[in-house]
Each structure stands twice: as C-alpha cells, then as structure tokens.
Amino acid sequence: MIKIYNTLTSKKEEFAPITPGAVKMYACGVTVYDYSHLGHARGAVVFDVIQRYFRRKGFRVTYVRNFTDVDDKIINRAKEEGTTAAEVAQKYIQAYQEDMARLGVSRADVEPRATGHIKEMVEVIKGLIEKGHAYVVDGNVFFRVASFAGYGKLSKRNLEDMQAGARVEVDERKNDPLDFALWKASKPGEPAWDSPWGPGRPGWHIECTAMGFKHLGETFDIHAGGKDLIFPHHENEIAQSEAFSGKRFVNYWLHNGFVNINQEKMSKSLGNFFTIREILDQYDAEIVRLFLLSTHYRSPIDFSDGNLKDARAGLDRFYTMKEGIKNYLAGKMPPAVRPEQVIEGADRPLYEKILNLRTVFEEAMDDDFNTAFAIGLIYDLVRDVNKFIAEVEGKREDAAYIILSAAADAFDNVGKTLGIFLRDPEEWFKAARLGEGKVSLPMEKIEEYIHLRNEARARKDWAEADRIRLVLDEAGVALYDRSGGTVWKPK
RNA sequence: GGCGGCGUAGCCAAGUGGCUAAGGCAGAGGUCUGCAAAACCUUCAUUCAUCGGUUCAAAUCCGAUCGCCGCCUCCA
C-alpha cells in the first residue's frame with residue numbers, strides 16, 4: 001500500500017482513493033511568460049514519476065497539469081516585446097512542451113489552459129458571491145477570507161499571525177488585507193473577458209479550482225505543486241473551492257522541495273536560475289533526470305556541477321553493466337530449460353535478488369515515493385551483477401543466460417517507472433555523450449585510429465599504440481581494450 | 001516578528017525507536033591488464049550539529065543551544 005506525506009496533516013498517510021482503482025491528480029503547472037528553469041523541471045519530473053508509479057500499480061490515473069496563460073507577468077512580457085499576451089503564452093507553452101519532451105516527462109492526460117476555462121471560473125465566482133464569500137468592488141471581485149473558517153489549515157498559520165506580519169501595500173478596495181482577487185477588472189489594452197462585473201480577467205487562484213472541478217470533480221485525490229505554492233496559492237484554492245462546494249477539495253496535498261544553488265532557492269527574483277534548455281545543452285537529459293530523482297522529492301536538492309557529474313558517473317556505471325549483459329547475451333539463444341534446473345546453489349541468491357528487485361523497488365516507492373532509496377537498491381544490484389559478469393567464464397551458459405536476461409528485464413522494469421536506464425549502452429556512451437560536445441573527432445576517424453592502434457598492438461608496437469591512445473585522449477576519447485575488442489567512450 | 005523545515009563520512013544521499021547507520025562519488029591497498037580503463041575484492045562514520053532528558057534501547061522521541069534554508073509579495 002502506498003503511503004504519502006500529506007502537507008495538510010503533516011503526516012505520512014496510507015493512500016485511499018476516492019474511487020477504488022482510480023487516481024485523480026492535479027499538478028500546478030507553469031505560468032508561461034518565460035522559459036522554464038530547473039526548479040520547474042523538478043516538479044514535472046517528480047510528479048511524472050509519481051503518476052507513472054500509480055499506473056504501474058494498476059490505478060486508472062487522470063493526471064491534469066495546467067498552464068497559466070493569463071497573468072500580469074505575461075501581459076508585461078507582451079508589452080516589452082510589443083506582442084500580445086496570447087502570443088507570449090503560446091510561445092512558452094510550446095517551449096515548455098519541448099523541454100518536457102527532452103526530459104522524458106510524459107504528457108498529462110489533460111493539459112488545460114486558464115483562458116479556456118473563463119466560463120467555468122465565472123460560474124464559481126458567481127456562486128461564491130451568492131453564498132456571501134465574495135464581494136464586488138469597481139468591477140473586481142474579492143474572496144472574503146474571514147468568511148471561510150478553515151483558512152490557514154494547509155499552511156498552518158492563523159489569521160492573527162498573518163495580519164501581524166502583513167508587509168505588502170494593501171489594495172485599498174479590499175475589506176481585509178488577506179482577501180484575494182477572484183476577478184480583476186481589465187485596464188484598457190489588457191486581455192479581457194466579459195463577466196457579470198464588467199470586462200476583466202481571472203485572478204490566479206481561481207483557475208485551478210475551476211479546472212480541477214471540471215476535469216476531476218469537486219473533490220479529488222491529489223493536488224501537487226512546489227512548496228512555495230502552499231501559501232498563498234493552495235491555501236486560497238482550498239478556501240474558494242470548499243466555500244463554493246461545501247465539500248472537501250483535495251485529500252492529499254503533495255509539495256516538492258526546491259532546487260537550490262549554493263544553498264539558496266533557484267528563483268527568478270534572485271536571478272540565480274538556469275533554464276532547462278541551458279542545462280540540457282551541457283548535460284544529457286537522463287543525467288538531469290537521475291540527478292533530480294537521486295534526492296527525495298520533499299528535500300531541497302543542490303544544483304552543482306559536481307552533483308551532475310556524480311549522476312553522469314552513475315549512468316556510466318549502469319550502462320557499463322548493461323553493456324556487459326548485452327555482450328554476453330549477444331548471439332546466444334534462450335535456453336529451453338527451467339531456471340531451477342540449471343542455476344547452481346551459489347548463484348541462487350543472486351537470481352532471487354534479481355527477481356526480487358521489482359518488489360523492493362515498490363516497497364521503496366510505496367514509502368512516499370522514495371526514489372533515492374529505490375536508486376540505491378538498483379546500484380546495489382548493479383554491483384552484484386557486475387561481480388557475476390566478472391566470474392561468468394566458469395559458469396554454465398544456460399544458467400548465465402537466464403540470470404543475465406532476468407537482470408536486464410528487472411532493470412528495464414524499474415527503469416520504465418523512473419524514466420531512466422532505458423537506453424542502449426552504445427547510445428548512452430556515444431550519442432548521448434557526444435551530444436555534450438566533448439569529442440572533437442568524427443566517429444569514422446575514431447574507428448580508423450582504433451584500427452591502426454590494434455594493428456600496432458598486434459605487432460607489439462606499444463609505442464605506436466600508446467601514441468594513438470594519446471591522440472584520441474586529447475580528442476576527448478578514452479579507449480578500453482576488452483576481451484571482445486576495443487571500445488571507446490567519451491572521456 | 002509569525003509559521004514551517006533542515007543539519008548523517010572529504011562530497012552527494014537513504015534511514016524517523018532495537019539486527020553490522022543503504023547506495024553512489026572521491027581516496028587507499030589488491031586482482032586483472034603490453035600500458036591503461038572498466039569491473040571485482042579489501043578498506044573508508046564506535047557514530048548521526050552541540051548539550052541535556054525520556055527509554056531496557058534513540059541518528060530516530062522531548063527540551064535547550066548553535067548554524068542554514070524556505071514561506072509570510074509573484075514564485076515549481
């Protein structure tokens with residue numbers, strides 16, 4: 001059974017879906033006014049793995065991830081660029097989709113846009129006014145926070161604390177500084193939609209309520225987002241949603257930790273961010289994905305060159321093993337024997353451990369999606385499999401075949417949920433790493449040098465062999481003489 | 001000021017009451033190798049920021065102290 005840390009209760013809880021066998025999940029997407037940065041990537045990757053994991057466990061998942069495509073920042077950006085808000089939004093939605101595709105993030109089942117749900121938002125706002133939870137001032141509509149008894153239950157703060165600490169200039173039209181805008185009257189030239197209160201545009205929080213209601217219902221299982229959304233965004237969502245429906249809005253609130261740089265939050269306002277595409281120009285997407293999954297999703301993760309290099313080293317290690325498996329299995333046929341007939345006693349524990357990987361992986365993931373631990377389990381098995389490969393000479397071929405193909409299957413199986421470890425080793429070592437621009441020779445030239453070097457080695461001309469090794473080394477190519485021949489990898 | 005979180009080896013990082021504190025990187029020694037690399041083996045925290053307390057038993061619970069971070073304003 002899956003246990004999830006719920007921000008609302010500050011505890012890990014057993015996941016009990018509203019509808020047995022189904023998960024209704026909403027993740028706050030991005031405001032599309034600029035390229036997304038690594039912090040956005042973290043949430044996307046983490047919640048992608050979580051929704052994949054639910055599917056793996058047999059749940060019917062409806063995953064909604066929205067785009068905020070109307071907002072002050074989009075309007076400002078449009079002004080700066082002399083274009084329209086709609087064009088700005090379209091451009092960065094496109095860019096986001098490209099970034100996500102490169103990171104291997106699956107498409108959500110529904111990817112709604114705020115501007116496509118104005119009607120739904122207006123309906124919710126109307127209902128809130130009728131129920132006395134909202135009021136109209138000069139074409140603006142504000143939510144009356146004091147009218148909702150549970151306000152503060154998600155972010156664990158009470159109204160007095162917040163008023164004491166209020167340090168923003170207060171919109172004079174609000175009855176109370178904590179009240180927030182549901183609908184904003186548009187200024188001339190701004191995007192505007194007709195409403196009972198005059199032309200305007202929605203406030204930020206109302207979109208998630210309206211889109212969540214429409215695509216998932218008035219109560220759904222999971223609502224996810226970055227920790228910085230807890231207050232005020234998610235707190236406000238709860239207030240307006242529950243005030244409107246009279247029902248519990250969301251059962252489990254999940255919040256991912258930040259990506260830090262030098263122990264500081266990566267953010268637009270600090271200017272210390274790297275866009276996803278900048279990072280992907282330097283590091284293969286799989287490195288980034290492994291890096292993001294190597295820390296539990298609720299903890300902060302520090303972005304640094306060293307940490308990305310660690311992730312790369314991990315992938316080198318994994319794919320070296322995968323290459324070893326592949327080389328062994330190449331050209332051999334699956335034996336028509338039962339595993340228990342041919343696997344010798346000494347290898348039984350390894351075989352059991354391989355078959356057990358799926359189970360222990362799921363135990364780790366069941367515990368609040370502990371990808372870091374799950375990856376540790378994978379590397380633990382990598383070492384065992386490498387040991388087996390190192391000693392495979394003396395083994396029965398049919399038994400070795402069964403063990404190694406079972407290992408390949410097991411790694412593949414868990415890799416699919418994480419979205420890593422799935423490539424062909426050859427592709428990893430060559431295409432992926434070549435893509436980082438570290439090798440300054442074309443592949444054909446490299447192969448030619450290797451051929452020349454092996455001729456030199458055949459006549460025991462070690463000086464020439466070493467000279468060629470050095471030439472390739474300077475071009476960023478490392479050579480390894482294996483029993484099956486010489487292979488090369490980017491340094 | 002209010003609220004929340006974190007502090008585990010040189011580095012990254014699991015572990016939240018009880019077997020030997022996962023896993024990776026880096027380091028040291030070894031096997032292998034024409035030389036290398038990879039891989040494998042051995043080694044690498046008597047100790048979990050500090051100090052007290054609770055308990056038969058704590059990195060894990062409680063209190064205090066120090067340090068760091070986040071939210072309270074748009075923020076994944």
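Just so we're on the same page: letters track the sequence lines, and every chain starts at 1.
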K.L.:
For the side chain of A:K156, counting heavy atoms from C-beta on, which of B:rA76, B:rG4, B:rG34 is nearest?
P.N.:
B:rG4

K.L.:
Classify the side chain of A:R459 and the base of B:rG34 as holding, or not holding, a donor-acceptor pair under 3.5 Å.
P.N.:
no

K.L.:
Between A:F54 and A:F15, is a ring-ring contact (aromatic ring centres under 6.0 Å, His included) present by the stated rule, with each step listed?
P.N.:
CA-CA 11 Å; A:F54 277 118; A:F15 176 70; 5.0 Å; yes

K.L.:
Do you know which two heavy atoms are closest between A:L182 and A:F142, and how far apart they sit?
P.N.:
CD1-C, 4.1 Å

K.L.:
Expressed in angstrom and rounded to an integer, what is the separation of A:Y26 atom OH from B:rA76 atom P?
P.N.:
13 Å

K.L.:
Quick check: A:H205 with A:H234 (ring centres under 6.0 Å apart)?
P.N.:
no

K.L.:
Which base sits across from B:rC40 as a Watson-Crick or G-U pair, both distances under 3.5 Å?
P.N.:
B:rG30

K.L.:
What interatomic distance, in whole Å, is found between P of B:rU47 and the corresponding atom of B:rA58?
P.N.:
14 Å

K.L.:
Are A:F220 and A:F249 an aromatic pair by the rule of ring centers under 6.0 Å?
P.N.:
yes

K.L.:
Strictly under 6.0 Å, is that where the ring centroids of A:F274 and A:F303 end up?
P.N.:
yes

K.L.:
How about A:V382 and A:F411: do any of their side-chain heavy atoms sit closer than 4.5 Å?
P.N.:
yes

K.L.:
Searching all strands shown, indicate the nucleotide that pairs with B:rA45 (Watson-Crick or G-U wobble; both distances under 3.5 Å).
P.N.:
none

K.L.:
B:rA37 base stacked by A:Y480? Criteria: ring centres under 5.5 Å, plane angle under 30°.
P.N.:
no

K.L.:
Look at the side chain of A:D72 against the base of B:rC74 and say whether a donor-acceptor pair falls under 3.5 Å; ignore hydrogens and angles.
P.N.:
no

K.L.:
Between A:R317 and B:rC40, is there a contact of a side-chain N or O with OP1 or OP2 at under 4.0 Å?
P.N.:
yes

K.L.:
For a quick check of understanding: with a heavy-atom distance under 4.0 Å over all strands, which category does A:G225 fall into, base, sugar-phosphate or nothing?
P.N.:
sugar-phosphate

K.L.:
Between B:rG2, B:rC25, B:rA38, spot the one nearest the side chain of A:A313, thanks.
P.N.:
B:rC25

K.L.:
Between B:rA36, B:rC71, B:rC25, which one does the side chain of A:R469 approach most closely?
P.N.:
B:rA36

K.L.:
What contact category does A:N386 fall into here, base, sugar-phosphate, or nothing, at under 4.0 angstrom with non-hydrogen atoms?
P.N.:
sugar-phosphate

K.L.:
Nearest 0.5 angstrom please: A:I301 CD1 to A:N307 CG, how far?
P.N.:
7.0 Å

K.L.:
Side chain of A:F258 only, heavy atoms from C-beta on: which candidate in B:rC35, B:rG70, B:rC72 is closest?
P.N.:
B:rG70

K.L.:
Counting any heavy atom closer than 4.0 Å, what does A:V259 reach on the DNA or RNA strands: base, sugar-phosphate only, or nothing?
P.N.:
base

K.L.:
Please work out if A:G43 contacts a base, only the sugar-phosphate, or nothing of the nucleic acid, heavy-atom cut-off 4.0 Å.
P.N.:
nothing

K.L.:
Between B:rA26 atom P and A:R312 atom CZ, what is the distance in whole Å?
P.N.:
13 Å

K.L.:
Using 30° and 60° as the class boundaries, would you call the ring planes of A:W253 and A:H255 parallel, tilted or perpendicular?
P.N.:
parallel

K.L.:
Is any side-chain N or O of A:R383 closer than 4.0 Å to OP1 or OP2 of B:rG24?
P.N.:
yes

K.L.:
Please measure how far the C1' atom in B:rG5 lies from the corresponding atom in B:rG10, and state the result in whole Å.
P.N.:
26 Å

K.L.:
State which of B:rC72, B:rA76, B:rC40 makes the closest approach to the side chain of A:K387.
P.N.:
B:rC40

K.L.:
Write down the partner of B:rG67 under the Watson-Crick or G-U wobble criteria, each distance required to be under 3.5 Å.
P.N.:
B:rC6

K.L.:
Is A:S304 touching bases, backbone alone, or none of the nucleic acid, heavy atoms closer than 4.0 Å?
P.N.:
nothing

K.L.:
Less than 6.0 Å separating the ring centroids of A:H223 and A:Y252?
P.N.:
no

K.L.:
Using atom C1' in both nucleotides, what's the gap between B:rG17 and B:rC62 to the nearest angstrom?
P.N.:
13 Å

K.L.:
For the base of B:rG34, is there a side-chain donor-acceptor partner from A:D466 under 3.5 Å away?
P.N.:
yes

K.L.:
Using a 4.0 Å heavy-atom cut-off to protein, can you give one letter per nucleotide of nucleotides 11-17 of chain B, 5' to 3': B if the base is in contact, S if only the sugar-phosphate is, - if neither?
P.N.:
-SSSS--

K.L.:
At under 4.0 Å between heavy atoms, what does A:M266 touch on the DNA or RNA strands: base, sugar-phosphate, or nothing?
P.N.:
base

K.L.:
Identify which nucleotide among B:rC71, B:rG23, B:rG34 has an atom closest to any side-chain atom of A:D228, counting heavy atoms from C-beta outward.
P.N.:
B:rC71

